[in-house]
Amino acid sequence: MTGPELDAWIDAGTALLGIPVEPAWRAAIRLHLTITFGHAATVLAFDLSDEADPAPVFLA
Amino acid sequence: MTEANALTAAEIAHEVNAGSLTAVDVIETTLARIADRDPVLNSFTAVTAERALARAAAIDAAREAGQSLGPLAGVPFAVKNLIDIAGLPTVAGSRINRDHPPATADATLVTRLERAGAILVGALNMGEYAYDFTGENAHDGAAHNPHDPTRMTGGSSSGSGGAVAGLLVPIALGSDTNGSIRVPASFCGIFGLKPTYGRLSRAGSFPFVASLDHLGPLARSVADLALAYDAMQGTDPFDPVCADRPIEPVAEGLDAGVAGLRIATATGYFRAGAGPEALAALDHVAAALGAGTEVELPEAARARAAAYVISTAEGATLHLARLRTHAADFDPDVRDRLIAGALVPAVFVQQAQKFRRWYRDAVLRLFDDVDVILAPATPCTAPLLGQKTLVLDGVEMPLRPNIGIYTQPISFIGLPVVAVPVVLGGALPIGVQVITAPWREDVALRVAHYLEQHGIADVARPPA
């Protein structure tokens, strides 16, 4: 994501969720989101089968 | 000042059971030590003096009446302030939760420790809502490392590390989602047990990431860890994750030694980025145990990444309502991470949970060939308070999210770990993780005890 795309994501997401964001908080939110999306890309790059079950299993 | 505050829990219980020390004496000494040292250490956020003295008097009366006392008779302990104490709001390191009504009952683990004779003396400082590895807290102030008060205790069980290392209490309870028992154990130079996920009840504690949350003890001796752990075991219908397993006591088996155990050192990810002090401690422990083989935990970096994604998204989900209404009341360092976590697409989280199962299966296969895996607990010794970055593998990175790089891939799949303290050449302490297969806390504690008995794991006494 480019910087403007990331800012647009923050604007849209926080508006959707009703989270107020002060201008002074934005740089840190952007930093943490960038780190998290980097980790997510690492996770998504791993090839898992369609049948792979997620870890939490609900027991009825 | 009497030295009773420096006794281990086992020593206190022995003396109280024998009548050579009263529980009231122990508690009065403990309260005096807290009053003397905690203005510097800032470990406690509440001291339950009246309750503790009443409980101590009851234990002394029981002994005089000839009743048998428990294995932790007269032992003071304190709990991270996300663990319920009847009559106090469970603040979880926050300002927001101070408006919550007081807890109506103690957490399960508090009840179980007191059933064994231990005496609660208070609630301990922590990183806000447990989303922290530093021990800094905007509301209660930073916990200070007893070995050097200009340095971090580590977090998020910051007061738990400081209170035990600072000789305020012999046992404290903490929580560990991604490393929050093992990191303060490492920086404060004490022992910490993160049990198998689901082993100890979390009922009556404020959550962070339900998929990953554990509770466990910190102490200055392995025997104390084992005594507390044995007293706290058992299923609990009030924690849906708590396993329906029989109590498997470990204290009696600590002296079994390490002969016959297949012990290996984690390589690859767990050596890359580690500072020289972390590697020296790891190699020191490995040599003492004759750990001649190395194992590579497959995809450990990806496991850490997946734990990170799950933590931030689940944590944000937990706090969404508070972010909407009280965002300005959070610790800024926590709030900004949680807001970012609220913006993580669900597909990332679900894929991380799918990977979690793959990784679990892959790592468990390693235990076909080894019984114990050794790894660093932290990449460095305690950073200075206020420090914002650290250098990993030659790259300067934000400190707060990266202290737990070696703990996260282990708690991600709930493996039991004992963090053992090592002090080399007068330097600050640093921890080594002793990791075993699920439900084999007994083996991890045996190895830790062996290291303690042979002077390899060492709890340094803090400066007066």
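Not measured: the values here are computed from a predicted model. Numbers restart at 1 for each chain; the letters A, B, ... are given by sequence-line order, proteins then strands.
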Check the orientation of [X] and [Y]. Use parallel for under 30°, tilted for 30 to 60°, and perpendicular for over 60°.
| X | Y | answer |
| --- | --- | --- |
| B:Y269 | B:Y406 | perpendicular |
| A:F37 | A:W9 | perpendicular |
| B:H319 | B:F330 | perpendicular |

Among [options], which residue forms the greatest number of heavy-atom pairs with chain A at distances under 4.5 Å?
| options | value |
| --- | --- |
| B:R360, B:R356, B:Q351 | B:Q351 |
| B:V344, B:L343, B:V309 | B:L343 |
| B:Q353, B:E299, B:Q350, B:R337 | B:Q353 |

(message) Looking at B:D333 and B:K388, is there a salt bridge between them, counting it only when a charged N and a carboxylate O are closer than 4.0 Å?
(response)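 Counted as a salt bridge, because a side-chain N and a carboxylate O are separated by less than 4.0 Å.
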(message) I'd like to know if A:D53 pairs up with B:R357 as an ion pair, taking the criterion as any Lys NZ or Arg NE/NH1/NH2 lying under 4.0 Å from an Asp or Glu carboxylate oxygen.
(response)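 No, this pair does not count.
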(message) Given heavy-atom pairs under 4.5 angstrom as the criterion, report whether the side chain, backbone, both or neither of B:Y308 touches chain A.
(response)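 Contact with chain A is through the side chain of B:Y308 alone.
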(request) With a 4.5 angstrom heavy-atom cut-off, could you sort out which part of B:P398 is near chain A: side chain, backbone, both or neither? (result)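 Only the side chain of B:P398 comes within 4.5 Å of chain A.
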(message) Given heavy-atom pairs under 4.5 angstrom as the criterion, report whether the side chain, backbone, both or neither of A:A12 touches chain B.
(response)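 Neither part.
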(request) Give, as side chain, backbone, both or neither, the part of A:S49 having an atom under 4.5 angstrom from any heavy atom of chain B. (result)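 The answer is the backbone of A:S49.
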(message) Is it the case that the ring center of B:Y131 lies less than 6.0 angstrom away from the ring center of B:F208?
(response)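 Yes, the ring centres sit under 6.0 Å apart.
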